[in-house]
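Beneath this line is the structure, given in structure tokens, with notes to follow.
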Amino acid sequence: MALPPPDPQFVLRGTSAAIHTLHFSCGGQEPDIPLLFSGSENGFIHVWNLKTHRVGTALDGHGGKSVYCVETMGGKDRLLSQGRDQRICLWDLAEGRTSVTDSVFTEHVGFCRCSLVKVAQGRWLMATAARGLEEVQVLELPSKTSVCTLKPEVGAKLGMPMCLKLWQLSCGSQPLLLAGYEDGSVVLWNVTMGKALSQLVCHQEPVMSLDFDSEKAKGISGSSEKVLRIWSLNEQQNLQVCKIQELVNAGISHVTIRPDKKIVATAGWDHRIRIFGWKKLKPLAVLDYHTATVQCVSFSDHRAPRDTLLAAGSRDQRISVWAIYTQT
Amino acid sequence: LSLIPGGLDCSISFVSHVLGKVCIHGRQKEILGVLVPCLTELTKSDCIWQRICWRLVECVPERWMEAVVLGFVQRAPGADVLSRLLGNLVVKNKKAQFVVTQKVLLLQYGHPTAVLQNLLGYLSLDSLRRALLLRVLQELLETWGSSSAVKHSPPEQQLYISKAILICLSHLKEPEIESCRQELLTSMMEGVKCHLDSSLPQLRRLGMVVAESISSKINTEGPVLKFEYEEDDGTRELKSLLVQTPPLCVVPSLPDDDRNEKAGAALPSVPESNKKSQTAAPVMPHEESDAELDSDDDLVPYDMSEDKELKVKAPLYIRDCIEVLTGSEDVDKWEATVKALESLIRRNPAATREVSVELAKILLHLEEKTCIEGFVELRQRAQVAVLTTDPIPVSKYLTSQFYSLNYSLRQRMDILDILVLAAQELSCPKLHGKPKHSDAQKPCIQLLPGSDSSKDWRRIVDERIKSKTRRFATGRCHVEQASSPNQFSSVAGHFFFPLIQHFDRPLTTFDLLGEDHLVLGRLVHTLAVLMYLAVNTVAVTAMGKALLEFVWTLRFHMDSYVRQGLLSCISSLLLSVPAELLLADMTEELLEAQCWLGDVVEKDPDGDCRRLALQNLLLMENLKKKLEAVPS
């Protein structure tokens, strides 16, 4: 007899706007407070104190335009945020400061979240959609130098890039980028050489979100359809479809794999969060709390696995935080 | 004739005389029945016999030429045979030419299609005669395109002319079409306009079929004109005329679909597979190495039985519906509301009565926001539901709106439809179940407003007439249904009188007596049905009087659809108003009407009008007899 799905551990309220992005920063030692960063439609980034469940600071750096991506760069003191004002802002939050140290003007008017990967101490690569319709730009941060611009070949008709994932297998190896496009295909790019290695048509509709497990070389993507696609990368760096997972209701806005690669969470347009096992994509739970589209899901980076949390932000202006499958 | 051997010097003229005289006396069938097959055989291969035949016909005296030629045209089994028999008679002989090109095509219209095929085929088979073919086509198009012809000539004649046009078109060759392309185009445009203006659906359809055919002939590449109308046997037959089949097999060909040049729905373009990409054909999942321990099994799934498809809930209260329909941006909710509205109205009559007029107003102005299937029908059913729940205020509102400014013709006709459907529902006993929805919803709404609903009611009236006359002779033959009070009786007047009040007052956008005669026709039909449904109600006499006056003023209207409506009004009147009251209050008017009806029977160009008038006269006769039979 299966247990009924759990309730959220707690719910954060107070953003007074739809939440588009979440990011945890809980890896610090005591007495560091675990934090959750949320970006909302009204342009604010809220820094939530996960001990008191209250907003610590509210950052306003995007002029009232929706913030759709927040990431930390090596700790909670440096934050990167991307907003609809076509800017990516770098924040310095150490010692209570709340200032924008730098910004990159991407001229990108879509909703594609940027992707960060650390290549060396203090050096990051960031992939973001750029001004050109189908282009992805890779910049090195904090120097803001352009590494390359990835342009699909003429006539490919991929449309806008919708979601990006940068990674490198190990320090020193070539960084690779997975990009999901408006026409439903996922393309694997070699960043150093600036050319595409493989392309796979995953969906008929735009790819809304994707995530990739570099250890198992397996990825998952969701779109506005009723399916999730699981694909893998073989030794020749070619993408192949592995599995198709049918959903009850159409529409996925975000997909994320837990850092321990055990489960994957999806944020759905049907107001529900779904949890699947990552190995075989066995449906595990359906978390039904929100009353509007869930825009983003994020797993925490706690050191102790039993503290791991899952947060989901929704258009109903609430962030629900769940502790699920934490025993292993 | 079989006795004449190869004697070329025989005098044929005697035979011609005999032939002519026999034909003129009406014995064409007999003599040509023998003659034509003989000649067909003989002339098949023998030139001499052909020449004899030609001489034979040419020598027929002028005054009998018409009968002979007509007889040949009717009897010949095919255009090529006709060509062999008559030769170039039409070119040489003026009278024959007149008969073939003018009389048969333009002045008569009783001949079957085969005759037309023969005649026009004959004209096309010889180069000398082709010039005549072109002239014939031009004249046919002129007649087809003339608005007065469309308005005043009977539908049968128009069908005949249309068929002739199509057959001509089928015979024309490319260079000829090239030469007269411009004229074809102009006459087609004019003709289409007149035809579409007409109130009779069959004329509109004729116009559309012919226009499509002409357009397909003159634009062999590129988009052609395509109307939306229902295919039926008539249109299929017409279209089959466009394709000339070889003389032996007379199989009508089905209309070819490649006339519709629109491409299929555009699917998102999938990139071609080059060596870098692969299509998403599901690859068989490679066997998982069993060495991998399935640590997923530790994770126990939770209960997911609550996970169902999302459905948008429709509001449960009428006032909520009103809110959604007027303000809401949520299209899913709007759709759900529209679908649920009718049943909500019927289940909550008290609540509906509070907001009935407001709801009626909203529904009248409701536009399609998203693509719902059957939106028009859903809206209409909701409107009928509102009207039947609260008849008096809503009918007041609707009838006042009918004569107001700034409504489209479609909306005004909707009002009429709703009034009739509601009246039907109110007056029918509940045992009938749901009121019969007239098939007023046509898929192609652009050009054909659902005027077929009037046929439905006319059918009911006709059946009633038939049953009535039968009943007079044999007594009641069917079981009476269980009766319940006629709810229509208290409100019939509210439906009827406001409609009839202002018909002669033109507004800036709406002139019933002027160009909006289509709406006038519908109004007249509506009044006929309302009258019919008001049988046994208290107001029926007053309604009858008003209706009779109304009919009297409009009786000479140009539009045959309106006239048909007026005649149905008279039928309803005669059926609904009890006979004694008819004779008591309306004797003079009825007598005048009788004279008018007699006139219509004889002189009206439209067949349906004549039939209806005849039925009315019969009804009147029956009434008189019934009253005389009953000792007063």
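It should be emphasised that the depicted structure is a prediction, and the values quoted were computed from it without experimental measurement. The sequence lines fix the lettering, A, B, ..., with proteins before strands; numbering per chain opens at 1.
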ask   = For Ile324(A), is it the side chain, the backbone, both or neither that has a heavy atom under 4.5 Å from a heavy atom of chain B?
value = side chain
task = Flag yes if more than 12 heavy atoms outside Lys361(B) fall under 6.0 Å of its NZ atom; otherwise flag no.
result = no
ask   = Does atom CZ of Phe10(A) have more than 12 heavy-atom neighbours from other groups under 6.0 Å away?
value = yes
inquiry  = Would you say CD of Glu373(B) has more than 12 non-hydrogen atoms from neighbouring residues, nucleotides or ligands within 6.0 angstrom?
reply    = no
request  = Check whether Lys226(A) gets within reach of chain B through its side chain, its backbone, both or neither, counting any heavy atom under 4.5 Å.
outcome  = side chain
remark   = The single option from Pro283(A), Pro4(A), Pro6(A) that satisfies side-chain contact (heavy atoms from CB on, under 4.5 Å) with Tyr302(B) is Pro6(A)
ask   = At a heavy-atom separation under 4.5 Å, does Ile275(A) approach chain B through its side chain, its backbone, both, or neither?
value = neither
ask   = Checking heavy atoms, do the side chain of Asn249(A), its backbone, both or neither come under 4.5 Å from chain B?
value = side chain
